[in-house]
Amino acid sequence: MTHEKAIQFLQTLIQAPTVAANEDQVVAAIVAQLQPELDAGLIHLKRLPFAPGRTTLVLSTGDAKATRVLAFDGHADVVSAGDEANWTYPPFAAEIHDGELYGRGATDMKAGLAAAVLAFQAAAHEPLKIQLRLFVTVGEEIDNYGARQIAAAGLADDVTDLLVAEPTAGHIATAERGIIDYTVTAQGKAAHSSRPELGANAIHGLLAYFQVAMAATAPLTARVDPLLGQATHNVDLIAGGNQINSIPEAAHYRGNIRSTPTASNEDFIAAMQGAVAAVAVPGVTITFQPILCWLRSAPIATTRWSAPSKRHGRRLAKRRCRYRPKPALLTRRCCTTRKWR
């Protein structure tokens with residue numbers, strides 16, 4: 001494989017607009033690149049369909065009976081290019097200027113994916129004493145759909161070593177931060193803006209929760225892990241309301257947390273759940289739900305609160321169920337809700 005042909009292969013991958021869809025265009029390019037080895041029986045292929053046009057690819061080569069399994073991992077999707085008019089060069093043209101290649105995914109992570117594919121192809125011609133595996137996943141930028149498929153199929157259970165081809169600025173990284181993707185929902189009551197006392201403003205409840213939650217997690221993001229640095233907590237999507245002259249009955253935002261051993265997923269979940277209990281906006285229900293959350297332990301919990309009334313005191317109802325994590329990738333949902341009447 002010459003340098004020029006390797007660049008052409010990378011350009012083909014970048015020219016596929018795989019923004020949370022159409023990963024099969026990348027899969028087709030990879031299969032075409034590896035077709036000689038597939039025809040010769042040097043590489044074996046397994047497809048895991050996820051949705052129309054979206055297929056996770058698992059390739060293997062080497063000694064199928066070996067106890068050591070080295071896996072390469074890369075994802076075929078990319079994040080949105082945003083307003084393409086703001087790009088110096090078209091995001092899906094993969095143009096080269098002054099020796100640099102420009103395009104969405106040129107760094108994250110089609111360059112790494114191309115390198116993994118070509119290294120895997122070259123290794124297929126060697127007398128290996130181990131098994132090599134290549135995972136090409138869909139939906140990594142959203143909710144790790146392809147990784148979930150691989151875990152559910154047990155295709156990572158025997159992997160002894162894993163090389164993830166994500167960009168690391170040319171440095172070898174031996175660990176990465178954990179992750180929590182979550183949604184916070186506020187449910188209120190609609191009313192005309194001229195009579196707000198007849199409704200319950202969901203946006204006010206959402207903002208109240210945001211302030212408490214960010215204050216609760218600030219001590220966690222301040223902790224410094226010796227290997228991974230500081231954890232992060234960002235709110236990336238927000239929506240609510242219907243029109244300017246109506247009290248909004250619903251609002252929500254989505255956030256992303258990157259955790260570390262010194263500020264763990266469990267620590268963040270506890271802080272976010274505690275923030276639910278600390279917010280009191282009359283008539284508004286606040287719900288915190290991790291969507292993607294890798295945890296070591298702890299049951300799924302749903303908590304509902306009712307405010308004191310003349311006839312009733314505060315009531316707390318909890319529902320717990322046991323959760324047995326799988327040995328590979330762990331995903332789970334937790335939900336905490338507090339409602340004031």
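Position 1 is the first residue of the sequence; numbering continues from there. All figures in this text were calculated on a predicted structure; none of them were measured in a lab.
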[X] versus [Y], closest heavy-atom pair with distance:
X	Y	result
Q15	A93	NE2-O, 3.3 Å
A215	P219	O-CD, 3.3 Å
T262	V224	OG1-C, 4.0 Å
P261	L228	CD-CD1, 3.9 Å
D77	E141	OD2-N, 2.8 Å
N234	D236	CB-OD1, 3.6 Å

Got more than 12 heavy atoms from elsewhere within 6.0 Å of [atom1], [X]?
X	atom1	answer
H204	NE2	no
F50	CZ	yes
H3	NE2	no
N242	CG	no

Fit a plane to each ring of Y253 and Y182, take the angle between them on a 0 to 90° scale, and name the class: parallel (under 30°), tilted (30 to 60°) or perpendicular (over 60°). perpendicular

Where does the angle between the aromatic ring planes of Y89 and Y102 fall among parallel (under 30°), tilted (30 to 60°) and perpendicular (over 60°)? tilted

Using a 4.5 Å cut-off on heavy atoms from C-beta on, say whether the side chain of L48 contacts that of F135. no

Donor-acceptor pair, [X] side chain versus [Y] backbone, under 3.5 Å?
X	Y	result
T61	L132	no
T160	V69	yes
R133	L155	yes
E23	T18	no
R254	D181	no
R54	A20	yes
Q187	E249	yes
T217	L220	no
T137	A147	no
E166	D73	no

Hey, mind stepping through L101 and I14 against side chain to side chain contact (heavy atoms under 4.5 Å, CB included) and telling me if it holds? CA-CA 10 Å; L101 190 154; I14 293 173; 3.2 Å; yes

Measure the [atom1]-[atom2] distance between [X] and [Y] for me, rounded to the nearest 0.5 Å.
X	Y	atom1	atom2	result
Q121	I43	CD	CD1	6.5 Å
D157	I150	CG	CD1	11.5 Å
Q11	E95	CD	CD	9.5 Å
I257	I180	CD1	CD1	4.5 Å
L227	T260	CG	OG1	10.0 Å

Would a single hydrophobic cluster contain both [Y] and [X], if residues Ile, Leu, Val, Met, Phe, Trp and Tyr are joined by side-chain heavy-atom contacts under 4.5 Å?
X	Y	answer
F120	L113	yes
V26	L134	yes
I130	F72	yes
F268	I286	yes
V159	L59	no

If you measure only the distance, is there a donor-acceptor pair under 3.5 Å linking the side chains of S193 and N245? no

R177/D225 under salt bridge (Lys or Arg N to Asp or Glu O under 4.0 Å): CA gap, chis, key distance, verdict: CA-CA 10 Å; R177 289 176 292 183; D225 183 83; over 6 Å; no

Give the intermediate values and the outcome of side-chain hydrogen bond (donor to acceptor under 3.5 Å, both in side chains) for residues H75 and D108. CA-CA 9 Å; H75 60 85; D108 184 6; 3.3 Å; yes

